[in-house]
Colleague: 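Supplied in C-alpha cells, the structure appears directly below.
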Amino acid sequence: STFLSDTVLEAILKRFKRVLVCFDRDVAGVKYLRKISLKTGLNGLIMKKSFKAKDISDAISVNGFEKVKEYIYAEIEKEKKRRSSKKCSA
C-alpha cells in the first residue's frame, strides 16, 4: 500500500482546508480507506459501482473526465451538508 508520511500529511493539512483521498474499489482499498479515515479524519472516496472502474483513472477512461468530476463535486457537497448538520445538532 502507498500513503503519505505523517510529515507530508501534516504539511498538506496545514495548507488545504479539505483533503479528499481516493482509494481503489477493492477489498484492500475499502479496508485502507476505513483505517486512514479513522486515523487521520480524512475523507476517502471510492468510485461508485456504476462507473465500472476500480479507481479514479479507470473511471475517467471509461466515463470521461466531466462525469467523474461531477460525481466528486456532488460527494463533496454531501460531505459539507453532513458536517453542517452535525454542527447544528451539537
Side-chain angles (χ1 to χ4, degrees):
S1 67
T2 303
F3 198 68
L4 306 169
S5 69
D6 289 343
T7 305
V8 172
L9 182 59
E10 286 173 22
I12 289 171
L13 292 174
K14 284 179 185 175
R15 184 169 177 201
F16 299 99
K17 254 196 303 192
R18 187 173 298 111
V19 177
L20 182 67
V21 184
C22 296
F23 292 89
D24 286 358
R25 177 178 273 290
D26 58 13
V27 173
V30 173
K31 283 182 181 178
Y32 204 58
L33 163 71
R34 180 160 171 70
K35 178 181 175 182
I36 293 304
S37 292
L38 291 172
K39 179 182 175 185
T40 65
L42 290 176
N43 295 319
L45 180 68
I46 295 176
M47 293 294 104
K48 62 184 178 178
K49 213 173 204 175
S50 66
F51 280 157
K52 298 186 182 337
K54 178 179 152 185
D55 58 31
I56 192 167
S57 61
D58 290 348
I60 291 169
S61 294
V62 173
N63 302 279
F65 177 77
E66 286 302 317
K67 189 170 184 179
V68 175
K69 183 176 89 172
E70 289 171 12
Y71 166 69
I72 292 170
Y73 281 142
E75 291 300 307
I76 290 169
E77 286 304 314
K78 285 182 197 174
E79 182 59 27
K80 282 182 188 176
K81 288 179 184 175
R82 273 188 232 123
R83 286 182 183 217
S84 68
S85 68
K86 282 182 183 179
K87 285 180 185 176
C88 291
S89 63

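For clarity, every value in this text was computed on a predicted model and none was experimentally measured.
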Colleague: Linking I/L/V/M/F/W/Y whenever any side-chain heavy atoms sit under 4.5 Å apart, do L33 and V19 land together?
Modeller: yes
Colleague: Which distance, rounded to the nearest 0.5 Å, do you find between the OH of Y32 and the NZ of K39?
Modeller: 7.0 Å
Colleague: Is it the case that the side chain of D55 and the backbone of S57 share a donor-acceptor pair, with hydrogens and angles ignored and the cut-off at 3.5 Å?
Modeller: yes
Colleague: Same hydrophobic cluster for V21 and I12, using side-chain heavy-atom links shorter than 4.5 Å among ILVMFWY?
Modeller: yes
Colleague: Can you run down the salt bridge (charged side-chain N to carboxylate O under 4.0 Å, His left out) pairs that involve residues 68-79, sequence neighbours left out, and say none if there aren't any?
Modeller: E66-K69, E75-K78, E77-K80, E79-R82, E79-R83
Colleague: Linking I/L/V/M/F/W/Y whenever their side-chain heavy atoms sit closer than 4.5 Å, directly or via other members, would L20 and I56 fall into one cluster?
Modeller: yes
Colleague: Surrounding NZ of K48 (heavy atoms of other residues, nucleotides or ligands, distance under 6.0 Å), is the total greater than 12?
Modeller: yes
Colleague: Would a hydrophobic clustering, with Ile, Leu, Val, Met, Phe, Trp and Tyr connected at side-chain separations under 4.5 Å, put L9 with L38?
Modeller: no
Colleague: Please confirm whether the backbone N or O of M47 pairs with a side-chain atom of R25, one donor and one acceptor, at under 3.5 Å?
Modeller: yes
Colleague: Is Y73 linked to L45 within one hydrophobic cluster, defined over Ile, Leu, Val, Met, Phe, Trp and Tyr using a side-chain heavy-atom separation of less than 4.5 Å?
Modeller: yes
Colleague: Could you give me the CA-CA distance, side-chain angles and deciding distance for I46 and V30, then say whether side chain to side chain contact (heavy atoms under 4.5 Å, CB included) is met?
Modeller: CA-CA 8 Å; I46 295 176; V30 173; 3.6 Å; yes
Colleague: For residues 39-72, pull every pair meeting ring pair (Phe, Tyr, Trp, His ring centres under 6.0 Å), keeping only residues two or more places apart or in separate chains.
Modeller: F51-Y71
Colleague: Do S37 side-chain atoms and N43 backbone N/O form a donor-acceptor pair below 3.5 Å?
Modeller: no
